[in-house]
Amino acid sequence: MSMFCYQCQETAKGTGCTIKGVCGKTDDVARIQDLLVYFCKGLSAYTVQAREKGYENDSVNSFIMESLFMTITNANFDKDRFYEQLLKGMELKNNLLSELQRKAINIEDAKLPRAAKWNAYTIAEFEDKA
């Protein structure tokens, strides 16, 4: 599998790393970081609609901020940490959707990107997507 790292501005010649990160990041870590960003994009789509209807969830907001920070710092190349974050995110997403349903806050499915509808609950499923 080839690598292209989206997370760093410090790549050789400013074009992106394609074999191994200048920082030492491997392709598998770059892919799981990309997956976490993809997941956050989907989760954010729910929060935007909920916010427009007067509902805010601080736990989800913090998760998104923390997750994005994890992918841009190039300080953490521990795949397991990213898997843990994705598992935590899936749980938060399910809790958010349940809460929105309990509060009768309707999310317009047609406005959701594919990332919002993606679900996975095991490391194997994450690796299949990454």
Side-chain angles (χ1 to χ4, degrees):
M1 177 132 319
S2 65
M3 173 181 179
F4 183 82
C5 181
Y6 294 101
Q7 292 91 17
C8 182
Q9 76 282 359
E10 298 175 16
T11 59
K13 300 179 187 176
T15 59
C17 294
T18 57
I19 298 171
K20 184 174 183 175
V22 172
C23 61
K25 185 189 305 179
T26 57
D27 63 336
D28 56 341
V29 171
R31 285 193 313 273
I32 199 69
Q33 286 181 338
D34 288 343
L35 184 59
L36 184 56
V37 170
Y38 178 80
F39 175 77
C40 287
K41 177 182 175 182
L43 185 58
S44 294
Y46 288 109
T47 64
V48 167
Q49 284 195 48
R51 191 173 297 117
E52 289 170 350
K53 296 173 182 178
Y55 179 80
E56 193 79 34
N57 186 302
D58 292 336
S59 295
V60 172
N61 293 341
S62 293
F63 170 85
I64 292 169
M65 184 174 58
E66 178 184 333
S67 296
L68 294 176
F69 182 77
M70 285 175 65
T71 67
I72 63 171
T73 60
N74 284 343
N76 181 357
F77 300 148
D78 181 359
K79 269 193 332 187
D80 291 336
R81 179 69 184 101
F82 290 98
Y83 292 138
E84 289 170 13
Q85 192 73 356
L86 281 163
L87 288 169
K88 178 181 173 182
M90 287 294 172
E91 183 178 347
L92 276 171
K93 177 179 155 181
N94 289 334
N95 291 342
L96 172 67
L97 295 178
S98 294
E99 181 70 13
L100 293 173
Q101 187 174 20
R102 274 194 303 277
K103 294 187 175 285
I105 297 172
N106 184 36
I107 298 298
E108 296 178 51
D109 193 58
K111 291 185 177 180
L112 294 173
R114 185 185 321 219
K117 300 171 187 178
W118 176 72
N119 291 300
Y121 300 97
T122 66
I123 290 173
E125 290 174 305
F126 296 147
E127 289 176 347
D128 283 345
K129 178 69 176 173

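FYI, side chains are in, hydrogens and waters are out, and symmetry mates aren't considered; it's all heavy atoms of this structure. Quick caveat: nothing in here was measured; it's all calculated off a predicted structure.
Rounding to the nearest 0.5 Å places CD of E84 at 13.0 Å from NZ of K79. Expressed to the nearest 0.5 Å, how far CG of L92 lies from OG of S59 amounts to 6.5 Å. Taking CE of M70 as the reference point, atom CG of D78 lies at 8.5 Å (rounded to 0.5 Å).
One hydrophobic cluster, built from ILVMFWY side chains closer than 4.5 Å, cannot hold both L112 and V48; they sit in different ones. Note on M65 and L96: separate hydrophobic clusters, where clusters join Ile, Leu, Val, Met, Phe, Trp and Tyr whose side-chain heavy atoms are under 4.5 Å apart, directly or indirectly.
At a threshold of 4.5 Å between non-hydrogen side-chain atoms, the residues L43 and F63 count as touching. N106 places none of its side-chain heavy atoms less than 4.5 Å from the side chain of Q49. Residues N95 and V60 are not in side-chain contact: their nearest non-hydrogen atoms beyond the backbone lie 4.5 Å or more apart. D109 has its side chain within reach of K117: a pair of non-hydrogen atoms, C-beta onward, lies under 4.5 Å apart. Between F126 and F39, every side-chain heavy-atom pair lies at or beyond the 4.5 Å cut-off. Inter-residue side-chain proximity for Q85 and K88 is flagged as met; some heavy-atom pair is nearer than 4.5 Å. With contacts defined as side-chain heavy-atom distances shorter than 4.5 Å, the pair I123/E127 qualifies. Side-chain contact between T122 and L87 is absent, with no heavy atoms from C-beta onward closer than 4.5 Å.
With 3.5 Å as the limit, one finds no donor-acceptor pair spanning the side chains of E99 and N57.
Heavy-atom neighbours of E91 CD from other residues, nucleotides or ligands within 6.0 Å: at or below the threshold of 12. Summarising the local packing, NZ of K111 is surrounded by 12 or fewer heavy atoms from other residues, nucleotides or ligands at distances under 6.0 Å.
A salt bridge links R81 with E66: at least one charged nitrogen is closer than 4.0 Å to a carboxylate oxygen. A salt bridge does not link K129 with E125: every distance from a Lys NZ or Arg NE/NH1/NH2 to an Asp or Glu carboxylate oxygen is 4.0 Å or more.
Counting all heavy atoms, side chain and backbone alike, T71 lies closest to F82 at CG2-CE2, 4.3 Å. Nearest heavy atom pair, residue E56 against residue N61, reads OE2-ND2, 2.6 Å. Smallest separation of non-hydrogen atoms from C40 and L68: CB-CD2, 4.2 Å. Annotation for I105 and K53: closest pair CG2-CD, 3.9 Å, computed over non-hydrogen atoms.
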Trace of the side chain to side chain contact (heavy atoms under 4.5 Å, CB included) decision for D28 with F77: CA-CA 10 Å; D28 56 341; F77 300 148; over 6 Å; no

For M90 and W118, run side chain to side chain contact (heavy atoms under 4.5 Å, CB included): C-alpha distance rounded to whole Å, both residues' side-chain angles, the deciding distance at 0.1 Å, then the answer. CA-CA 10 Å; M90 287 294 172; W118 176 72; 3.2 Å; yes

Show your working on side chain to side chain contact (heavy atoms under 4.5 Å, CB included) between L86 and I32 and close with a plain yes or no. CA-CA 9 Å; L86 281 163; I32 199 69; 3.7 Å; yes

Pair S98, Q101 - check side chain to side chain donor-acceptor pair (under 3.5 Å), show working. CA-CA 5 Å; S98 294; Q101 187 174 20; 5.4 Å; no

Give the C-alpha distance, both sets of side-chain angles, the deciding distance and a yes or no for side chain to side chain contact (heavy atoms under 4.5 Å, CB included) between L100 and Y55. CA-CA 8 Å; L100 293 173; Y55 179 80; 3.5 Å; yes

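Side-chain atoms of Y46 never come within 3.5 Å of backbone atoms of K93 as a donor-acceptor pair (strictly under, hydrogens ignored).
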